[in-house]
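Before any comments, here is the structure.
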Amino acid sequence: MPPSIPSLPRRVARILRTSLFAQVACALVLGIVVGKLWPGLAADLQPLGDGFTRLIKTIISPLVFCVVVVGIAKAGDLKAFGRIGLKSLIWFEVASTLALLIGLLAANVVQPGSGMNVDPATLDTSAVDEKTGGGSLPSTTEFVLNALPTSFIGAFAENSLLQVLILACLVGAALLYLGHTKVPQVLPAIEQAQEIIFAIVGFVMRLAPIAVFGAMAVLIGQYGLGVIETYAKLIVLCYAAAAFFIVLLAVALRMVTGLSLWKFLRYIREEMLLALGTASTESVMPRVMQKLRKAGARDDAVGLVLPTGYSFNLDGASLYLSIGTLFIAQAVGVDLGLDQQITVLLVLMLTSKGMAGIPGSAFLALSATAASLGAIPAGAVALLLGVDRIMDSMRVVTNLLGNCVAVFAVSRWEGALDAVRAKKVLDGEIVFVPDAHEEALPAQSAKEPASEAR
């Protein structure tokens, strides 16, 4: 007797029950509907997204610490780890500078702010102060000093990734120096702690659809869809520039590693949709680290490159800042010459490195750039208040893909990438299994096809 074919409702219910991607996609649509129809109710849903983000943030620092320490100890070569760090910084600087150049070129060609003829005196700058909390971006010296921990516990309590990275490097170096014979129990304990953290990641990720629903409802309820019409030219330009930059990333990944960015995007589609819904790459960082490791990137490369990229490789933010600066100048009728645009590039190369984790950092960077030029009124930054939240999707996608490509590229550069395994994973021949205690399974023996694996 031939097996019965499940009815359509049963198949849909099964997909919704087993596929995180389907759950997040449905939550995204529901959030848009609720935000549009009941904006008052949507404002009360803010804790859903914030609560999820808080849970994820509690995991990031200990996870990074464990992955880096285990990676260094198992690789057994501290010099190789140093080379990975240096090569990462070189890649980050080239990528972010390229993003800034693309943004400046695009803004010069399209002129998104021309013809607006805005009088800066009519703009309310108090909203900018409220968004930035009266803070400021750290200087280069402050940025370097802030990366150095003053307390072992404090680095974790403050969730400072760079400080945690430095501590992890020191602990990993100490384990190599002492050897497994003097401290035989330390490395296994850290490995076990890592497995526990990955299990917690699995628990927290079950709440992802609820977080996306709340975050998207708040976004649509607060800003509506009308802002898209007002800033249509600027929005289209930013997203088009980001798409062009992502194409360049795809070419670079293919040339350096032979891997396909589009297949990788399918591989992390759940995480990408979650990052879009919550407007945060931090919300997916633990899971992306796990997926990169399963895709053949060595632990030490993943543990160093990805977290460092969150502070040094904000490609999407770089695109937005360069386009935003020229948009503001054009909107208030200021014509920036070549020398002034070079100044913009140099200033943004510095300010974009100290943005991570600072409230309203984009506006602080724009204000610093305007102040350095002396030609753009500082109050003109308020022009971007209405559109900034709409740009989050562009920044999130570009930042996340840029950092993931950096992991693969630097890993290949250092010989820390299993390219054969990576291709099998991206082709769906090996299915990613998120449970901490399980390994990836061959696709033919998995209970579900690769396209439905969670």
Side-chain angles (χ1 to χ4, degrees), residues 60 63-96 98 161-162 164-165 168-169 172-173 176 191 194 198 246 248-268 271-272 281 284-315 398-427 429-430 432 439-440:
I60 290 176
L63 175 60
V64 169
F65 179 83
C66 292
V67 170
V68 172
V69 171
V70 171
I72 293 177
K74 284 191 170 181
D77 186 357
L78 196 59
K79 290 182 179 179
F81 197 73
R83 290 196 304 269
I84 290 174
L86 178 60
K87 291 173 181 178
S88 299
L89 294 178
I90 293 172
W91 180 279
F92 294 156
E93 190 58 46
V94 171
S96 58
L98 178 61
L161 278 185
L162 291 181
V164 171
L165 273 174
C169 292
L176 284 180
E191 287 184 295
Q194 178 180 282
F198 275 127
I246 290 172
L248 294 181
L249 285 178
V251 173
L253 182 65
R254 175 70 74 177
M255 291 177 63
V256 175
T257 68
L259 302 177
S260 168
L261 183 62
W262 317 121
K263 290 182 179 179
F264 176 73
L265 189 57
R266 183 182 62 188
Y267 176 56
I268 63 164
E271 292 72 28
M272 186 62 71
T281 53
V284 299
M285 182 179 175
R287 176 90 164 213
V288 170
M289 288 182 71
Q290 195 176 16
K291 283 199 166 183
L292 287 169
R293 292 167 66 238
K294 293 288 179 124
R298 208 167 65 196
D299 284 9
D300 53 346
V302 174
L304 180 61
V305 179
L306 190 66
T308 307
Y310 271 60
S311 295
F312 286 92
N313 194 41
L314 304 174
D315 298 327
T398 312
N399 289 345
L400 184 56
L401 287 179
N403 286 325
C404 290
V405 168
V407 171
F408 281 123
V410 174
S411 298
R412 180 70 172 190
W413 194 1
E414 183 54 32
L417 176 67
D418 185 345
V420 174
R421 179 181 177 85
K423 288 181 180 179
K424 287 184 177 180
V425 170
L426 299 189
D427 287 339
E429 295 179 27
I430 298 178
F432 172 77
E439 290 296 323

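As the structure is a prediction and not an experimental result, all values here were calculated from the model.
What you find for C404 and V288 is that their closest heavy atoms are SG-CG1, 3.6 Å. When all heavy atoms are compared, the tightest approach of I72 to A168 is CD1-O, 4.2 Å. Across all their heavy atoms, N313 and A95 have their closest contact at OD1-CB, 3.8 Å. Nearest heavy atom pair, residue L426 against residue R266, reads O-NH2, 2.9 Å. Heavy-atom minimum distance, L261 versus I246: CD2-O, 3.6 Å. The two residues S88 and V305 come nearest to each other via the heavy atoms OG-CG2, 3.1 Å.
Interatomic distance, D427 CG to L259 CG, rounded to the nearest 0.5 Å: 9.5 Å. The line from CG of L161 to CZ of F65 is 13.5 Å long, rounded to the nearest 0.5 Å. For the atom pair CG of L249 and OG1 of T398, the computed distance is 8.0 Å after rounding to the nearest 0.5 Å. In this structure, OG in S411 is found 8.0 Å from CG in D300, a value given to the nearest 0.5 Å. Rounded to the nearest 0.5 Å, atoms OG1 (T281) and CE (M272) are 10.0 Å apart. Atom NZ of K423 sits about 11.0 Å away from atom CD of E429, to the nearest 0.5 Å.
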*I would like to know whether I84 and R298 meet side chain to side chain contact (heavy atoms under 4.5 Å, CB included); could you show each step before the answer?*
CA-CA 11 Å; I84 290 174; R298 208 167 65 196; 4.1 Å; yes
*Would L253 and F408 satisfy side chain to side chain contact (heavy atoms under 4.5 Å, CB included), going step by step from the backbone distance to the final call?*
CA-CA 8 Å; L253 182 65; F408 281 123; 3.7 Å; yes
_Derivation of the side chain to side chain contact (heavy atoms under 4.5 Å, CB included) call for L63 and Q290_ = CA-CA 10 Å; L63 175 60; Q290 195 176 16; over 6 Å; no
_Residues F264, V405; criterion side chain to side chain contact (heavy atoms under 4.5 Å, CB included); working and verdict_ = CA-CA 9 Å; F264 176 73; V405 168; over 6 Å; no
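In this structure the side chain of M289 never reaches within 4.5 angstrom of the side chain of V407, judged on heavy atoms. A 4.5 Å side-chain heavy-atom check between I60 and P286 finds at least one atom pair inside the cut-off.
Within a 6.0 Å radius of NZ in K87, more than 12 heavy atoms belonging to other residues, nucleotides or ligands are found.
At least one donor-acceptor pair under 3.5 Å links the side chain of R421 to the backbone N or O of K294. Between the side chain of N399 and the main chain of D315, a donor-acceptor pair closer than 3.5 Å is present.
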